[in-house]
Amino acid sequence: MKKLIVLLVLTLSFASCEKEELNNTEENLIEAKVLGTWELYRDENLESVIDEWTGTECTTKDEWYQNTRENSQIILEFKSDNTFVDRYADVEVANGSWGLLDDGRFYFDYIQNEAPINNKLTQRRYITIHCDNTHSVEIQDNKRAVYYYRKMGTTECSDLIEYHVE
């Protein structure tokens, strides 16, 4: 009976280690999708525009607009130590940390240690991976803007993305 219990414990321990190794490998493969140097190639913004003018007052409506950014030099570099650098060309303008949430989404947060605090960098950013070389970024509590990045030196996979503006 003791031999059976020892055998059962060893079997469960081995299965547990295998599952843990598999989960770590899967997580590393997933995280590898975000690692690297990314350049902004497009952004879309929901703007309020005048819809109708009656002569005394106007009504507005929301419309999506897009900016194509060829060679934007707005760059995010995600590193394997879960830090990132935000650069314009070769100049570091900000940095922070990134990670993977339990729900499978990637996020990144800016670090601001010095005053004055830049309020535009206080919200968390969420990354949606569209393919191996394209992702989009949305800012927490801001449904009016989406930023699209591609790995440096590649072409984005636009056919896999549902842009707001075609």
Side-chain angles (χ1 to χ4, degrees), residues 13-48 62 64-166:
S13 296
F14 179 71
S16 175
C17 289
E18 256 186 22
K19 186 176 181 181
E20 187 174 304
E21 285 177 15
L22 181 63
N23 287 342
N24 286 341
T25 302
E26 286 175 8
E27 190 170 306
N28 289 343
L29 289 173
I30 291 169
E31 288 181 354
K33 290 183 176 185
V34 91
L35 295 176
T37 305
W38 302 79
E39 66 180 334
L40 180 70
Y41 72 89
R42 175 186 179 127
D43 61 86
E44 295 182 321
N45 297 284
L46 187 59
E47 302 287 340
S48 293
D62 286 342
W64 282 96
Y65 291 91
Q66 67 99 6
N67 296 305
T68 302
R69 300 177 177 270
E70 293 300 321
N71 194 23
S72 72
Q73 298 189 36
I74 299 171
I75 298 167
L76 290 173
E77 181 183 354
F78 292 94
K79 300 178 181 184
S80 61
D81 64 356
N82 289 78
T83 63
F84 76 92
V85 175
D86 187 347
R87 296 191 322 250
Y88 180 75
D90 292 330
V91 177
E92 182 178 327
V93 294
N95 61 53
S97 60
W98 67 272
L100 179 63
L101 297 170
D102 290 338
D103 64 6
R105 292 183 299 166
F106 288 101
Y107 71 92
F108 62 101
D109 296 319
Y110 284 88
I111 296 172
Q112 299 188 72
N113 293 328
E114 298 177 18
I117 298 297
N118 182 341
N119 289 329
K120 293 192 181 279
L121 300 180
T122 57
Q123 293 90 357
R124 175 166 278 181
R125 269 82 170 143
Y126 297 101
I127 301 170
T128 301
I129 307 247
H130 298 286
C131 63
D132 287 344
N133 68 332
T134 308
H135 72 245
S136 58
V137 173
E138 294 185 51
I139 301 171
Q140 180 180 8
D141 300 326
N142 180 359
K143 301 295 182 199
R144 301 185 71 85
V146 182
Y147 303 92
Y148 297 92
Y149 289 82
R150 64 180 168 224
K151 282 205 174 173
M152 294 286 290
T154 67
T155 302
E156 63 278 1
C157 59
S158 292
D159 55 329
L160 299 176
I161 301 170
E162 289 186 36
Y163 294 113
H164 295 283
V165 179
E166 288 302 318

Is it the case that atom CG in D132 sees more than 12 heavy atoms from other parts of the structure closer than 6.0 Å?
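Atom CG in D132 is not crowded, with 12 or fewer foreign heavy atoms closer than 6.0 Å.
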For D81, look at atom CG and say whether over 12 heavy atoms of other residues, nucleotides or ligands are found less than 6.0 Å away.
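Above 12, so yes.
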Which residues pass the salt bridge (Lys or Arg N to Asp or Glu O under 4.0 Å) test with E77, sequence neighbours left out?
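Once residues adjacent in sequence are excluded, the partners of E77 under the salt bridge (Lys or Arg N to Asp or Glu O under 4.0 Å) criterion are R87.
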Go through the structure and list residues passing salt bridge (Lys or Arg N to Asp or Glu O under 4.0 Å) with D159, not counting sequence neighbours.
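Salt bridge (Lys or Arg N to Asp or Glu O under 4.0 Å) list for D159, sorted by chain: empty.
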Looking at Y41, I'd like to know if the NZ or CZ of R69 sits under 6.0 Å from its six-membered ring centre while staying within 45 degrees of the ring's axis.
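Judged by the rule (NZ or CZ under 6.0 Å from the ring centre, within 45° of its axis), R69 is not positioned above Y41.
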To the nearest 0.5 Å, how far apart are [atom1] in [X] and [atom2] in [Y]?
X: I129; Y: I127; atom1: CD1; atom2: CD1; result: 6.5 Å
X: I139; Y: R125; atom1: CD1; atom2: CZ; result: 4.0 Å
X: D62; Y: E47; atom1: CG; atom2: CD; result: 9.0 Å
X: D43; Y: S136; atom1: CG; atom2: OG; result: 12.0 Å
X: E44; Y: R144; atom1: CD; atom2: CZ; result: 13.5 Å
X: I75; Y: F84; atom1: CD1; atom2: CZ; result: 14.0 Å

Determine whether a donor-acceptor pair (N or O, by modelled atom type, separation under 3.5 Å) exists between the side chain of [X] and the backbone of [Y].
X: T134; Y: C157; answer: yes
X: W38; Y: L76; answer: no
X: T83; Y: S97; answer: no
X: K151; Y: L35; answer: yes

Side-chain heavy-atom pair [X], [Y] within 4.5 angstrom cut-off:
X: T122; Y: Q140; value: no
X: V146; Y: H164; value: yes
X: D109; Y: I111; value: no
X: N118; Y: Q112; value: yes

Would you sort out whether D103 and R105 count as a salt bridge (Lys or Arg N to Asp or Glu O under 4.0 Å), showing the intermediate values?
CA-CA 6 Å; D103 64 6; R105 292 183 299 166; 2.9 Å; yes
If every non-hydrogen atom of G99 is compared with every non-hydrogen atom of N82, which pair is closest and at what distance?
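The answer is CA-ND2, 3.9 Å.
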Decide side chain to side chain donor-acceptor pair (under 3.5 Å) for D86 and Y110; before the verdict, give the C-alpha distance in whole Å, the side-chain angles of both, and the deciding distance to 0.1 Å.
CA-CA 9 Å; D86 187 347; Y110 284 88; 2.6 Å; yes
Not counting sequence neighbours, which residues clear side chain to side chain donor-acceptor pair (under 3.5 Å) with [X]? List them please.
X: T128; answer: none
X: T68; answer: Q66
X: E39; answer: R150

Ring pair (Phe, Tyr, Trp, His ring centres under 6.0 Å) partners for Y148, two or more places apart
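Residues passing ring pair (Phe, Tyr, Trp, His ring centres under 6.0 Å) with Y148: Y163.
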With side chain to side chain contact (heavy atoms under 4.5 Å, CB included) as the test, would you mind laying out the steps for Y149 and I74 before giving the verdict?
CA-CA 9 Å; Y149 289 82; I74 299 171; 4.3 Å; yes
Can we call the ring centroids of F108 and Y126 under 6.0 Å apart?
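No, the ring of F108 stays outside the 6.0 Å limit from the ring of Y126, centre to centre.
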In terms of ring plane angle, is the pair F78 and W98 parallel, tilted or perpendicular, where the classes change at 30° and 60°?
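Perpendicular: the ring planes of F78 and W98 meet at over 60°.
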Walk me through it: do L101 and F106 pass the test side chain to side chain contact (heavy atoms under 4.5 Å, CB included)?
CA-CA 6 Å; L101 297 170; F106 288 101; over 6 Å; no
Start with the C-alpha distance between R42 and V165, add both sets of side-chain angles, then the distance that settles side chain to side chain contact (heavy atoms under 4.5 Å, CB included), and finish with yes or no.
CA-CA 11 Å; R42 175 186 179 127; V165 179; 4.0 Å; yes
